Protein chains: 2
Amino acid sequence: MKTSFAGLAPAPAFQPLYRQIKQLITELLESGEWRPGEAIPSEIDLAQRFSVSQGTVRKAVAELAGENVLVRRQGRGTFVASHSHARAHLSFLHVTPDRGRAERLEARLVDLKRVRADATSAGLLGLDPGGTLIRLRRLLWINGRGPVVLEEVRLPASAFRGLDATVAEAHRCMLYSMYEAAFGVKVVAAEERLKAVAADADTAHMLGVCAGDALLRIERVAYTYGGKPVELRRGFCNTRFHHYANALS
Amino acid sequence: MKTSFAGLAPAPAFQPLYRQIKQLITELLESGEWRPGEAIPSEIDLAQRFSVSQGTVRKAVAELAGENVLVRRQGRGTFVASHSHARAHLSFLHVTPDRGRAERLEARLVDLKRVRADATSAGLLGLDPGGTLIRLRRLLWINGRGPVVLEEVRLPASAFRGLDATVAEAHRCMLYSMYEAAFGVKVVAAEERLKAVAADADTAHMLGVCAGDALLRIERVAYTYGGKPVELRRGFCNTRFHHYANALS
DNA sequence: TAGTGGTCTAGACCACCGT
DNA sequence: CGGTGGTCTAGACCACTAA
């Protein structure tokens, strides 16, 4: 992601035309004009609609494709990125086996309940303090091995009305796909913070390790269009046979 | 980095013109025709030199700029990216304080010696097994706090002839800047693998923590132009007041 | 003021896809 | 085959920088 999220937006200033087009397209995506998985109009159509040249549309679309918001397919069209296809739920997963790749991801729901938002969560999600959160926990298996990660997910209840254990399990815990299909919430980016911590007794028991063992703690804030935070996550990862992979440039 | 490094290069196939230009520019960078920090010729000059249009050069340069190999500055020109300026050595540092940003990085050399390459290191660096490595260790302070990280760096001795503790300290342990200035090795990308581990007695002592405490282990392979590996690193990070930050998209 | 990269346009042709 | 995105070109103008 090139765009900067949280923090002070560095004053819009005057934007070039292609960025205005990009913003327009983003707003149309937010509005639901085009849904995840659908094709958006062709470049020529968009150019006419916005009264700009095809090249200008192309540059706007190229940036959105670079941010994984749109997907371009030669000969077919440009599509709204979707979490609802095989392997899509792997794109935000940086935990991989030490040997080989993460191919299959399975999840088992531990519990799901409604809780009051603490000040930190409310602040990160932009909620009123004391608002309601949905808090769910789950265990992850990778390529049939596990449990590798214990995850705790916090969601604003207002945006996920009707979410309960039955719904979550119906989507086989493929969360971002579920957010998208059942609640119209499209996750497009996230920020993670990692620390090494000692396992507490409960977590250790659920991951099948000893209390005090070193675990990788992964905290995530996930964002939808426009950098709006929509999900908080905290995972504890057993890195005995897995690691967190990251590419730098 | 969009380009895929290690592993099976997926067959070059026929490349569009702008990728051939990109490859040409990369080769000229490798050859040292333009050194880090210098300006490369203007787009118009390059277009004439390669007998293509300015737009084609522009697209090649844009990709290289996106990979942080080149830096474009409106009104001034296009420059070869360099680690030799303030804050440059922070661009590969994902460890940041829990509050605020990493602004100042200080390093203290612990030791530096020549060792035989083990099979794993030789394999990763593409050396003959039994080749010679330079192995150095150092401690990192961030914004005056620390030590936060204990790092062990392994380099192929053949590419870093003459590197000793005196040289390293003369460059104040700004390693990538030193590689570039003293040895002509330009690091352009890296891959990191993270695990949580228990501190051994030595490491704990150097980081001022207790043996057995959880530490974040960061392993890195750094690459120069063309995806050639040139450095191995293993860091142990005390995440009591710091974390590893990562943006997903 | 001259030179640089940044934007925008217009049009041609290519490569790929589905019918 | 027609329609899509991908490439390449050529030229005009803008925004920024340095002298």
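Keep in mind that what you see is a predicted model, and the values were worked out from it rather than measured. Below, chain A is the first sequence line, B the second, and so on; all start at residue 1.
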How bent is the helix from C/dT1-D/dA18 to C/dG18-D/dC1, measuring the angle between the end axes built from five pairs each, rounded to 10°?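 One end's axis against the other's: 10°.
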Applying side chain to side chain contact (heavy atoms under 4.5 Å, CB included), can you list everything that pairs with [X], at least two apart in sequence or on another chain?
| X | value |
| --- | --- |
| B/F79 | B/A39, B/R73, B/R76 |
| B/A245 | B/T96, B/H243 |
| A/V230 | A/V185, A/V187, A/T224 |

What are the 5'-most and 3'-most nucleotides of DNA chain C lying under 4.0 Å from any heavy atom of chain B?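 Range of nucleotides within reach of chain B: C/dG3 to C/dT7.
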How would you list, by chain and number, every residue that makes a side chain to side chain donor-acceptor pair (under 3.5 Å) with A/E30, sequence neighbours excluded?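 With sequence neighbours excluded, A/E30 shows a side chain to side chain donor-acceptor pair (under 3.5 Å) to no residue whatsoever.
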Just jot down the side chain to side chain donor-acceptor pair (under 3.5 Å) partners of B/E103, sequence neighbours excluded, or say none.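 Partners of B/E103 under the side chain to side chain donor-acceptor pair (under 3.5 Å) test: none.
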Scan A/R73 against the nucleic acid and name what it touches under 4.0 Å (heavy atoms): base, sugar-phosphate only, or nothing.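 The residue A/R73 makes sugar-phosphate contact but no base contact.
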Any pair counted as salt bridge (charged side-chain N to carboxylate O under 4.0 Å, His left out), so long as it reaches residues 50-60 of chain B, sequence neighbours left out: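 Matches after skipping sequence neighbours: B/E43-B/R58.
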Name all pairs fulfilling the salt bridge (charged side-chain N to carboxylate O under 4.0 Å, His left out) condition that reach into residues 48-57 of chain A, sequence neighbours left out, sorted by first residue then second.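 Matches after skipping sequence neighbours: A/E33-A/R49.
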When you check every protein heavy atom under 4.0 Å of nucleotides 14-19 of chain D, what one-letter string (B, S, -) results, 5' to 3'? --BSS-
Under the salt bridge (charged side-chain N to carboxylate O under 4.0 Å, His left out) rule, collect the residues that match up with A/E231, sequence neighbours excluded.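 A/E231 satisfies salt bridge (charged side-chain N to carboxylate O under 4.0 Å, His left out) with A/R233 only.
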Apply salt bridge (charged side-chain N to carboxylate O under 4.0 Å, His left out) to B/K186 and list each qualifying residue two or more places apart in sequence or on a separate chain.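 In terms of salt bridge (charged side-chain N to carboxylate O under 4.0 Å, His left out), with neighbours along the sequence ignored, B/K186 is linked to no residue.
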Is A/K22 salt-bridged to A/E27, cutoff N-O under 4.0 Å?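 So A/K22 does not pair with A/E27 through a salt bridge.
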